[in-house]
Amino acid sequence: MAYNHHEIEEKWQKRWTEDSLFSVDVNKLDDKYYVLVMFPYPSGDKLHMGHWYQYGVMDTWTRYQRMNGKKVFFPMGFDAFGLPAENFAIKHGIHPKESTTKNANYMMNQFKKMGVSYNFDYALDTSKEDYYKWTQWVFLELFKNGLAYKKEAPVNWCNSCQTVLANEQVKDGACERCDSSVIQKNLNQWFLKITEYADKLLSNLDSLDWPHKTLAMQKHWIGKSTGTEIEFKVDKLDIDFKVFTTRPDTLHGCTYVTFAPEHPEVLNFVSDSQREAVLDYIEQTKKVSEVDRLTVSDQKTGVFTGAYAINPINQEKVPIWISDYVLFSYGTGAVMAVPAHDERDFDFANAFDLPIRQVIVKKGESEGTLDKAFTDAGEMIHSKKYDGLSSLDVKKQITDDLQAMNKGEAKVNFRLRDWLISRQRYWGSPIPIIHCDDCGSVPVPEDQLPITLPENVEFKPMGESPLKACDSFMNVECPQCKKPALREADTLDTFMCSSWYYLRFPNVGNNDQAFEQGITDKMMPVDKYVGGPEHACMHLLYARFVNMVMKDLGHTIHEEPFTSLTHQGMILGSDGQKMSKSKGNSVSPDGYVEDYGSDILRLYLCFGFSYVDGGPWDDSGIKSMSKFVDRVARLLEDQKHVFGVSDAFGDDLNSDEKKLLFVYNNSLKGVTTDVVKFQFNTSIARIMELYNAVSDYLKAVDPDKQNQAVLSFVLKNLVVILSPFLPHICEEWWETLGQSKSVSLEVWPEVNEKFLELDEIQMAVMINGKVREQIKVAKDSDDDTVFAAAVKSTKVQGYLEGMNIVKKIHVKGKLLNLILKKA
RNA sequence: GCCCAGGUGGCGAAAUAGGUAGACGCGUUGGACUUAAAAUCCAAUUCCAGCAAUGGAGUAUCAGUUCGAUUCUGAUCCUGGGUACCA
C-alpha cells in the first residue's frame with residue numbers, strides 16, 4: 001500500500017471539493033459548533049512553519065470534532081490591512097492592494113494544499129470593500145452612540161512607523177511591530193471609549209473558559225483599583241483639587257501633595273518666587289518623557305511650587321510639589337503623599353528632606369524609625385479619633401466621614417485607557433467622518449458607505465496621513481449643511497478590522513448588512529477560539545469590547561464572543577529563538593511538504609511538540625513519522641485479506657485476542673480524551689501502541705490461528721482513528737480497503753469498557769516503600785488474598801526474614817506496601 | 001521590583017483526587033538480513049557499581065507532611081511570559 005503523496009494529496013483535495021464534503025450552509029445549520037483560528041496576515045513570507053502548526057494541527061482537531069457528530073463551522077480569512085504591506089509597497093513600488101491580494105491568493109492555495117477542511121465559501125478579506133464597508137459601519141455605530149470621540153491628547157508616536165499607537169501596542173516603551181522606541185506627542189486623535197466597558201470586561205472574565213494566564217493578563221491590564229477621591233484646598237486661594245488614593249486610612253500621614261508636572265492647575269497656584277523653577281522642571285520633564293520616563297528610578301526629582309494645600313481631615317497645611325513620578329493620565333493627576341506608607345513617596349521625601357509621619361504600626365508594636373515605607377495594614381496612631389483602630393476598618397470610616405463633610409467619596413479607577421484608533425497611514429479603512437467648519441465631525445450617511453480607499457495615492461509616510469494629499473478624496477460636501485468640507489484623513493487601526501470579523505464570517509456575502517441578527521445569534525458565540533498568546537491584551541480585549549457594544553446596541557444577543565480559548569505554542573528556530581528573517585533561523589514548511597507530504601508534516605507537528613508549549617524546530621523526528629506511516633501501510637497491505645471478512649466477532653476470545661482488544665480500546669480511549677485537550681502528542685503515542693500491539697499479535701499467533709474478524713475490526717478502526725491526523729493517506733487506504741464513502745464521514749468509534757477490565761492484574765509489592773517484587777493476582781482480590789500471593793514469593797520471603805510486619809497497605813489493583821521492623 | 005507559568009534521561013516529551021517515574025518517539029549500542037550499503041526486523045538503553053543476579057541514587061536545591069511525594073506545604077535558585085512609579 002505504498003503511496004505517492006503528491007498524487008493522493010491532489011486526488012483527495014479535489015474529491016473533497018467536488019463532493020463539498022466539509023461545506024455547510026449556515027442557514028440550515030442548527031446546533032452549530034463554531035471553530036475559529038485567528039486569521040493570518042497575508043505577508044510576503046506566505047505560510048510559514050508557525051502557520052502550519054497553528055492551522056494544520058487545528059484542522060486535525062476540527063476533523064475529530066466533526067467525526068464526533070459536531071456540526072462544525074470552520075471559516076478562514078485574511079487580516080489584510082496593515083503596515084507590512086504598505087512598507088513593502090514603499091520599498092518595492094508595488095501597490096499594497098496588489099501585493100496583499102497576491103499573497104492572500106497564494107496562501108489560500110497553500111491552505112488547500114495543506115488539506116484543511118475550512119468552509120472556503122465563507123472566506124473574507126478585511127481589505128476588500130465588501131468587508132471594510134461594514135468595519136466603517138461598526139465605527140459609525142460606536143460614534144452614533146457616543147463611544148467614539150476625538151480629543152487632543154498625548155499619544156504614543158512611533159517614528160519608524162510614522163503613526164500613533166494604542167497603549168496596548170507599546171511594549172517596554174517600544175513599538176510592538178517594529179521595536180523602535182516610542183515617544184509622546186500631543187495630537188488630535190480618534191478614541192473608542194473602551195473604558196466605559198472596563199467593569200464588564202473585567203467581571204465577565206470569570207465566566208470564560210480561557211487560559212488562566214490570559215485571564216490574569218487582561219485582569220491586570222484593566223487594572224481596577226478601589227479607593228477614595230479626596231478633595232483638598234489650596235491655601236489662601238480659591239482652588240480645590242482632588243487626589244485619588246487606595247489608602248484613605250493613611251490620610252493623617254500626608255505630609256505633602258504632589259502634582260504631575262503637566263497638570264494645568266499647577267500654573268494657577270504656583271508662587272511667584274517658584275514660578276521659574278517650576279516652569280523649568282515642566283520643560284525638563286517634557287524632554288525626559290521623550291527619552292525614557294519609562295525607566296523607573298529610585299532617584300526622584302521634583303520642585304516645590306511655593307503653594308500649600310489644606311488636608312481636609314485635620315486642616316493641616318502641607319506643601320505642594322510637582323514631580324514626574326506622578327502621572328497626569330492616571331487618577332486625578334495629583335496625589336496625597338504619605339511617605340511613611342508608600343515607597344515612592346518615601347523615596348521622594350528622603351530626596352527632598354520632607355517630613356515622614358507614621359500613622360500605622362504593626363499590631364502590638366510601637367513606632368520606630370522606618371528604613372523603608374510600611375505598606376501593610378495595622379493599627380492606627382497619630383490619627384486622632386481613629387487611633388487604636390485597625391487600618392482596614394478605617395479605610396471605610398474615613399471615606400464615610402469625608403463624604404459627610406462633602407470632601408470625598410469612594411471611587412474606582414482603571415488602568416485601562418481608551419483605545420486610540422487613528423492611524424496616519426494609507427493601507428487601512430478610511431474613517432467615515434467628514435469635518436465641517438460649521439457642523440463639526442459629521443458621520444458619513446450609511447447609504448454612502450463604503451468610503452473607498454483611493455488607489456492613486458503617494459503613500460510615503462510623512463508624519464500625517466497620505467490621504468491628506470489626495471484632493472479628490474479629501475474634498476467633499478458636508479452631509480448636513482452641504483458646504484465644502486474635508487474627509488477624515490486618518491485610517492483605522494487594523495485591530496478594528498479584527499475586532500468583529502467573527503461576526504461577519506457567518507454573514508459573508510450579505511451585502512445589505514454587516515451581520516444579520518437571526519444568523520448571528522444562532523452562530524455565535526465562537527465555541528473554540530485558537531490563536532497566539534501575544535493577543536491577550538490587544539485583539540482579545542478589543543474584540544470583547546466591540547462585541548459587547550454590538551450586544552448593547554441590540555445587534556446580537558451574546559455578550560462574550562469567545563466561550564473557550566486555547567493558545568497554541570510557538571515554533572522557534574532550531575537555536576531556540578523566535579523565528580525571524582533577520583536572525584536567519586526561519587524554517588519553511590514547503591520543502592518538507594515536497595519531500596514527505598502534507599500529512600507527514602502535520603503528523604510530526606502533532607507528535608513532536610506539546611501543542612500549547614511549542615518549542616524549537618528539529619526535523620530529526622519527521623523521518624520517523626514517515627517510517628511509522630510506512631509501517632502501518634505495510635501492515636494493511638499484509639493483512640489485506642482480512643478486510644473482506646466480517647468484523648463481527650463473538651464472545652469466545654482467547655487471551656491473545658483479549659489482549660489485542662484491550663490495547664485497542666485503551667488506545668482509543670486515550671485518543672478520544674486527549675485530542676479534545678489538545679494533547680496530540682499523547683494521542684499519537686496511543687495509536688503507535690495500538691500498531692505495536694497488532695504487530696505483536698501477528699508475531700505471537702500462527703497465521704492460520706489469527707482471528708480475522710478481530711483483525712478486520714481493529715485495523716479498520718485504526719484507519720478511522722488515524723484519519724484526522726493523516727487525512728489524505730487515510731482516505732486512500734480506506735478506499736483501497738474497499739470502502740466507498742470518505743473516511744471522514746465515519747463516526748468516531750466507541751470505547752468498549754468490557755475489554756478494559758482484565759481478569760488478572762499485575763501488582764507491585766513494596767517493602768518499606770520500595771518496589772521489590774511484581775505479582776499477578778485476580779482482579780478485585782481482597783487484602784488477604786493479595787498478601788498471601790505476595791508472601792509466596794521467595795524474594796519477599798527474603799525480606800521478611802527476621803522482621804515483623806508493622807503495617808500492610810493495600811491499594812486495590814495497584815500495590816501492596818509492607819512496613820517492616822526488626823524483630 | 002511585582003504578577004503568572006515552568007524546571008523530569010543524551011534529545012522531544014509522558015505520568016499529578018499522592019500509589020510501580022521516564023509511556024510514545026528520536027538518538028545511541030549490539031544483533032539478524034545483505035557481496036556491501038540503504039531500507040527492514042530483533043534486543044538493550046535514567047545514572048553509578050557489577051559478568052550477572054542484584055544493590056544504591058534519582059523529577060532544579062533544601063527542609064516538612066505521609067507507609068508512600070514529580071504531584072501537597074514552606075524557603076531558595078534558575079528559565080520563560082506579562083507589567084513597569086497606576087497612588
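We name chains A, B, ... by the order of the sequence lines, and we start the count at 1 in each one. Side-chain atoms are counted along with the backbone in the values below, which use heavy atoms only and exclude waters and symmetry mates.
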Base, sugar-phosphate, or nothing for [X], non-hydrogen atoms under 4.0 angstrom?
{"X": "A:Gly608", "result": "sugar-phosphate"}
{"X": "A:Phe259", "result": "nothing"}
{"X": "A:Phe607", "result": "base"}

Closer than 4.0 Å, any side-chain N/O of [X] to the OP1 or OP2 of [N]?
{"X": "A:Arg772", "N": "B:rG55", "value": "yes"}
{"X": "A:Asn817", "N": "B:rU20", "value": "no"}
{"X": "A:Ser610", "N": "B:rG12", "value": "no"}

Residue [X], side-chain atoms from C-beta onward, closest of [options]:
{"X": "A:Val335", "options": "B:rU83, B:rA87, B:rC85", "result": "B:rA87"}
{"X": "A:Lys300", "options": "B:rC85, B:rC24, B:rG81", "result": "B:rC85"}
{"X": "A:His212", "options": "B:rG25, B:rG19, B:rC4", "result": "B:rC4"}
{"X": "A:Gln679", "options": "B:rA15, B:rG25, B:rA23", "result": "B:rA15"}
{"X": "A:Lys795", "options": "B:rG19, B:rU54, B:rU83", "result": "B:rU54"}
{"X": "A:Asp342", "options": "B:rA84, B:rG19, B:rA87", "result": "B:rA87"}
{"X": "A:Trp221", "options": "B:rA84, B:rC67, B:rG81", "result": "B:rA84"}
{"X": "A:His220", "options": "B:rU83, B:rA23, B:rC67", "result": "B:rU83"}

- What about A:Arg686, does its side chain sit under 3.5 Å from the base of B:rA23 through a donor-acceptor pair? yes
- Item | Base B:rC67 to side chain A:Lys808, donor-acceptor N/O within 3.5 Å cut-off | no
Round to a whole Å and report the spacing from [atom1] of [X] to [atom2] of [N].
{"X": "A:Lys669", "N": "B:rA23", "atom1": "NZ", "atom2": "C1'", "answer": "17 Å"}
{"X": "A:Met625", "N": "B:rG12", "atom1": "CE", "atom2": "C1'", "answer": "10 Å"}
{"X": "A:Ile600", "N": "B:rG25", "atom1": "CD1", "atom2": "P", "answer": "15 Å"}
{"X": "A:Ile684", "N": "B:rA23", "atom1": "CD1", "atom2": "P", "answer": "18 Å"}
{"X": "A:Phe678", "N": "B:rA13", "atom1": "CZ", "atom2": "P", "answer": "19 Å"}
{"X": "A:Asp638", "N": "B:rC41", "atom1": "CG", "atom2": "P", "answer": "11 Å"}
{"X": "A:Lys623", "N": "B:rU28", "atom1": "NZ", "atom2": "C1'", "answer": "16 Å"}
{"X": "A:Asn666", "N": "B:rA15", "atom1": "CG", "atom2": "P", "answer": "14 Å"}

- If you find the nucleotide of RNA chain B closest to A:Lys171 and the one closest to A:Met766, which residue's nucleotide is nearer the 5' end? A:Met766
- By nearest-heavy-atom nucleotide on RNA chain B, the more 5' of A:Gly614 and A:Ala764 is A:Gly614
We want to know whether [X] and [Y] form a side-chain donor-acceptor pair, criterion being a heavy-atom distance below 3.5 angstrom.
{"X": "A:Asn413", "Y": "A:Tyr330", "result": "no"}
{"X": "A:Arg602", "Y": "A:Thr60", "result": "yes"}
{"X": "A:Glu773", "Y": "A:Ser793", "result": "yes"}
{"X": "A:Asp674", "Y": "A:Thr682", "result": "yes"}
{"X": "A:Asp347", "Y": "A:Tyr325", "result": "no"}

Watson-Crick or G-U wobble partner for [N], using a 3.5 Å limit on both distances?
{"N": "B:rU54", "value": "B:rA49"}
{"N": "B:rA39", "value": "none"}
{"N": "B:rC26", "value": "B:rG10"}
{"N": "B:rG18", "value": "none"}
{"N": "B:rU66", "value": "none"}
{"N": "B:rC85", "value": "none"}

- Among A:Val714, A:Val751, A:Thr673, which residue meets the side chain to side chain contact (heavy atoms under 4.5 Å, CB included) test with A:Leu668? A:Val751
- Should the ring pair A:Phe609 and A:Tyr53 be called parallel, tilted or perpendicular, given that the plane angle runs from 0 to 90° and is split at 30 and 60? perpendicular
- Note on the structure: side-chain hydrogen bond (donor to acceptor under 3.5 Å, both in side chains) with A:Thr228: of A:Thr399, A:Thr246, A:Thr245, only one passes, and it is A:Thr399
- Query: How far, in whole Å, is B:rU61 from B:rG9 if one measures between their P atoms?
  - Reply: 10 Å
- Considering only atom P, compute the distance from B:rC4 to B:rG55 and round it to an integer number of Å. 45 Å
